[in-house]
Structure formats: structure tokens, C-alpha cells
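Read through the structure below, which is laid out as C-alpha cells, and then see the notes.
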Amino acid sequence: MRALVTGGAGFVGSNLVDALIVGGCDVTVLDDLSTGREANLTGAVASGAELVTCDVFDAAAVRSAFEAANPDTVFHLAAQAQVSDSVADPDRDARVNVLGTISVLEAARLSGVERLVYVSTGGAMYGEAGVYPTPETALIRPESPYGASKFAAESYVSMYTDLHGLSTYTLRLANVYGPRQIPHSEGGVVAIFCERALLGKMSHINGDGEQTRDFVEVSDVVSALLAAGNSRVHGACNIGSGLETSINELVAAIDGLVDGGLEVDYRPARGGEVRRSVLDPSLALEDLGWQPTVALGDGLRGTLDHFR
Ligand SMILES: NC(=O)c1ccc[n+]([C@@H]2O[C@H](COP(=O)([O-])OP(=O)(O)OC[C@H]3O[C@@H](n4cnc5c(N)ncnc54)[C@H](O)[C@@H]3O)[C@@H](O)[C@H]2O)c1
């Protein structure tokens with residue numbers, strides 16, 4: 001496979017790049033390094049991966065990166081991925097997530113790419129879904145510009161299959177955690193708690209801690225990405241553990257692994273946060289033969305090891 005990974009210097013993207021390299025693929029990473037880090041690619045670049053530093057919004061630069069790399073498979077992960085930043089600057093959010101996706105789709109179409117996998121979000125699109133675990137058939141009800149821009153991009157991706165015959169698939173991720181997650185990013189609650197526990201610093205919980213999330217380990221997400229890249233099925237599926245974990249349960253699990261070293265305090269709930277979020281991953285098994293394999297305790301152990 002000749003793969004091009006947008007956002008490949010980021011948390012999920014760099015884990016994917018490493019797996020592609022191990023699988024013997026030629027890999028080009030396209031990333032503007034806004035939240036991604038060159039250091040995440042040290043091993044991959046040493047093994048022959050190429051980093052093109054470029055903004056996905058710059059259609060001409062994206063086009064020439066595609067011409068040079070001539071990929072057969074594209075994994076599109078580059079995104080403005082912070083909900084609060086999307087609320088503060090919806091224009092930039094849409095530029096990166098919608099127009100950036102269009103420039104990647106156009107480059108893919110014009111350079112004869114065989115398969116494009118788009119990485120979307122579950123929680124931010126379904127909002128307060130009312131059905132748990134939430135299936136793909138649930139009403140799409142974004143509660144932020146981020147959720148809306150990811151959904152708009154999904155529609156473009158799917159439409160390119162109908163209009164241009166480009167083979168595409170979308171993965172709607174739950175809350176991903178694991179090595180290389182940035183410990184100060186908004187959705188990075190696992191990384192934040194792990195890092196602070198190891199530093200002996202207090203962690204903060206917004207609200208009563210009974211809000212729930214679906215935590216899926218990054219190596220499971222990488223195997224879903226690889227399965228979607230190798231398949232030719234069209235559509236979109238959830239990628240999550242299917243298990244609902246409260247923030248209080250997460251704290252207890254991490255605390256148990258650091259011998260009582262995770263101290264927390266409770267702060268006022270943040271407005272606009274969904275109370276429950278858990279995805280039904282059964283379509284992923286049907287479409288891609290994928291199921292989650294990493295239990296939360298094992299994944300947390302690996303994440304703590306990364307921060308040690
Ligand atoms: N981490 C999660 O829990 C989660 C959940 C749902 C969906 N996602 C999606 O997964 C993808 C990867 O997220 P992540 O958690 O690895 O975040 P990340 O911030 O680590 O990765 C995003 C990458 O995209 C790059 N990027 C941002 N804007 C760019 C631009 N204009 N041009 C080129 N590159 C740009 C960043 O530098 C970074 O390397 C995103 O599309 C995100 O929406 C992540």
C-alpha cells in the first residue's frame with residue numbers, strides 16, 4: 001500500500017503511521033503541525049516515511065503533495081478537533097474541517113486514489129442521543145460547530161462515492177485514549193488524569209463525575225483504520241468500546257493503578273457537555289470484521305507507562 005495520512009503527526013494519526021510502516025507500506029504524512037508533533041514521527045521518518053508540512057486548506061499544496069506521493073490509499077485525519085475552539089472560531093473550524101476535506105477529496109479524485117478513509121466523531125455528532133449505546137441510525141444532532149463541520153465533511157466524503165465513484169468509508173470515533181494523547185487537549189481526560197496522577201498533581205472533574213463516555217484504546221482504532229483501508233465497503237460506522245464508563249469509574253480505575261495517587265476535586269459542570277455518550281460498534285463487525293479488543297484496565301496501564 002502507498003498510504004497518505006493527513007494529520008499523521010497527531011495522536012491517532014501517528015499511531016496509524018507506525019502500524020502502516022510495520023505493515024510494509026510506503027507512507028507520506030501531510031500535516032501542518034498545529035497540534036501534531038514532528039517527534040511523534042521520529043521512528044516512522046527513520047523508517048522511510050515522508051512528512052510534508054502543509055495546511056489541508058491549501059488546495060494547491062495538497063494537490064502537489066498527492067502528485068508527488070501518488071498514494072493508492074488515503075486516511076484523512078487532519079482536523080480542527082477542539083469543541084471549544086470551534087465555538088470560539090467557527091469560521092476557522094469550517095475552513096479546516098469542511099474546506100480542508102474538500103481539498104483532500106479533490107486531490108484524491110484527480111490523482112486516482114483507490115480508497116479514502118475519513119475519520120469522524122460519534123459523540124459530537126449524536127449529541128444527547130436518547131438511545132444507548134447509540135447506533136449509526138440515531139438522529140444526527142450536532143451541538144457544536146465541530147460536530148456540524150465533521151458531519152458536513154462526512155456528507156462530502158460519501159457524496160464523492162456517488163458522484164465520482166471514489167471508494168470511501170467513514171469511522172465515527174468514540175473517546176480515543178492511549179500513548180501520545182496530548183495531556184492538555186480538551187478531550188484528553190485519560191491523558192490528563194494519568195499525567196497528573198504521576199506528577200502528584202490534583203485533577204479536576206467538571207460536574208458530579210457521573211457523566212459517561214465510551215473509551216476506546218488507540219491501537220483498536222488503528223486496527224479499525226487498517227480494516228477500513230483494506231476493505232471496499234461504502235458507508236460509516238461507529239468505532240467504540242460499546243461500554244459506558246463514568247468519569248468517577250475512570251478515576252477509580254486509574255487510582256487503582258497508581259496506588260491511590262490520583263487526587264481529584266469537583267468543579268461546576270461545563271455548559272453544553274453531553275451527560276451520556278456510548279456508541280454501538282456492532283456495524284463495524286459487520287462491515288469491517290472489527291471489534292474492540294483492549295480492556296480499559298489494560299489500556300490505562302499502557303497509557304500510564306507512556307507517561308512514566
Ligand atoms: N481523539 C479522539 O478522541 C477523537 C474522537 C473523535 C474523532 N477524532 C478525530 O480523529 C482525528 C485525529 O484526532 P487526534 O485526536 O489525533 O487529534 P490531533 O490534534 O492529535 O491530530 C490532528 C492532526 O491534524 C493536524 N492538523 C490540524 N489542522 C490541520 C490543517 N489545517 N492542515 C493539516 N494538518 C492539520 C494537526 O497538526 C494534528 O497532527 C480528527 O479528525 C478528530 O476529529 C478524534
What are the two closest heavy atoms between [X] and [Y], and how far apart are they?
X: S86; Y: D93; value: CB-OD1, 3.3 Å
X: P183; Y: F307; value: CG-CE2, 3.9 Å
X: A49; Y: I21; value: CB-CD1, 3.8 Å
X: C194; Y: T303; value: SG-CG2, 4.0 Å
X: V258; Y: A197; value: CG2-CB, 4.1 Å
X: A3; Y: F75; value: CB-CE1, 4.2 Å

Applying a strict under-4.5 Å side-chain criterion to I, L, V, M, F, W and Y, I'd like to know whether [X] and [Y] cluster together.
X: L139; Y: F151; value: no
X: V294; Y: I239; value: no
X: M159; Y: V104; value: yes
X: L296; Y: V189; value: yes
X: I182; Y: V218; value: no

Heavy-atom count around [X] [atom1] within 6.0 Å, excluding the residue itself: above 12?
X: E128; atom1: CD; result: yes
X: E67; atom1: CD; result: yes
X: Y156; atom1: OH; result: no

I'd like to know if the side chain of [X] pairs up with that of [Y] as donor and acceptor (distance under 3.5 Å, no hydrogens or angles considered).
X: D214; Y: Y132; answer: no
X: S14; Y: R180; answer: yes
X: S282; Y: D280; answer: yes
X: S219; Y: E217; answer: yes
X: N248; Y: E210; answer: yes

Can you tell me how far [atom2] of [Y] sits from [atom1] of [X], rounded to the nearest 0.5 angstrom?
X: L283; Y: L288; atom1: CG; atom2: CG; answer: 7.5 Å
X: N15; Y: D220; atom1: CG; atom2: CG; answer: 11.5 Å
X: L300; Y: D255; atom1: CG; atom2: CG; answer: 11.5 Å
X: K150; Y: M125; atom1: NZ; atom2: CE; answer: 9.5 Å
X: D91; Y: S149; atom1: CG; atom2: OG; answer: 11.5 Å
X: L110; Y: L166; atom1: CG; atom2: CG; answer: 10.5 Å

Show your reasoning for whether side chain to side chain contact (heavy atoms under 4.5 Å, CB included) applies to D85 and Q80.
CA-CA 8 Å; D85 288 354; Q80 187 307 107; 3.5 Å; yes
Can you check whether [Y]'s main-chain N or O pairs, donor with acceptor, with [X]'s side chain at less than 3.5 Å?
X: N238; Y: G240; result: no
X: S103; Y: G100; result: yes
X: R115; Y: D72; result: no
X: S64; Y: A61; result: yes
X: R196; Y: M202; result: yes
X: E249; Y: S246; result: yes
X: E143; Y: A124; result: no
X: N40; Y: A9; result: yes
X: E136; Y: P281; result: no

Does some side-chain heavy atom of [Y] sit less than 4.5 Å from a side-chain heavy atom of [X]?
X: L198; Y: R308; value: yes
X: L116; Y: S167; value: no
X: V74; Y: F66; value: yes
X: L225; Y: V12; value: yes
X: N230; Y: M1; value: yes
X: E154; Y: Y118; value: yes
X: Y126; Y: R172; value: yes
X: L51; Y: E38; value: yes

Answer yes or no: is there an ion pair linking [X] with [Y], defined by an N-O contact shorter than 4.0 Å?
X: R232; Y: E114; result: yes
X: R95; Y: D55; result: no
X: R276; Y: E244; result: yes

Step by step, would you call V27 with V5 a side chain to side chain contact (heavy atoms under 4.5 Å, CB included)?
CA-CA 7 Å; V27 183; V5 183; 4.2 Å; yes
For a side chain to side chain contact (heavy atoms under 4.5 Å, CB included) check, start with the C-alpha distance between V56 and V96, then their side-chain angles and the critical distance, and finish with the verdict.
CA-CA 7 Å; V56 283; V96 177; 4.2 Å; yes
Do the rings of Y177 and F215 sit parallel, tilted or perpendicular, given the 30° and 60° boundaries?
perpendicular
Check the pair Y169, D287 against side chain to side chain contact (heavy atoms under 4.5 Å, CB included), reporting the backbone distance first and the verdict last.
CA-CA 10 Å; Y169 199 81; D287 271 9; 2.6 Å; yes
Restricting to side chain to side chain donor-acceptor pair (under 3.5 Å), what partner residues turn up for R37, sequence neighbours left out?
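In terms of side chain to side chain donor-acceptor pair (under 3.5 Å), with neighbours along the sequence ignored, R37 is linked to no residue.
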Only one of V157, T168, L16, L171 clears side-chain contact (heavy atoms from CB on, under 4.5 Å) with V117; which?
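It is L171, the one option of V157, T168, L16, L171 that forms the side-chain contact (heavy atoms from CB on, under 4.5 Å) with V117.
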Among V251, L257, L250, whose side-chain contact (heavy atoms from CB on, under 4.5 Å) with I254 holds?
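Between I254 and the candidates, side-chain contact (heavy atoms from CB on, under 4.5 Å) is satisfied uniquely by L250.
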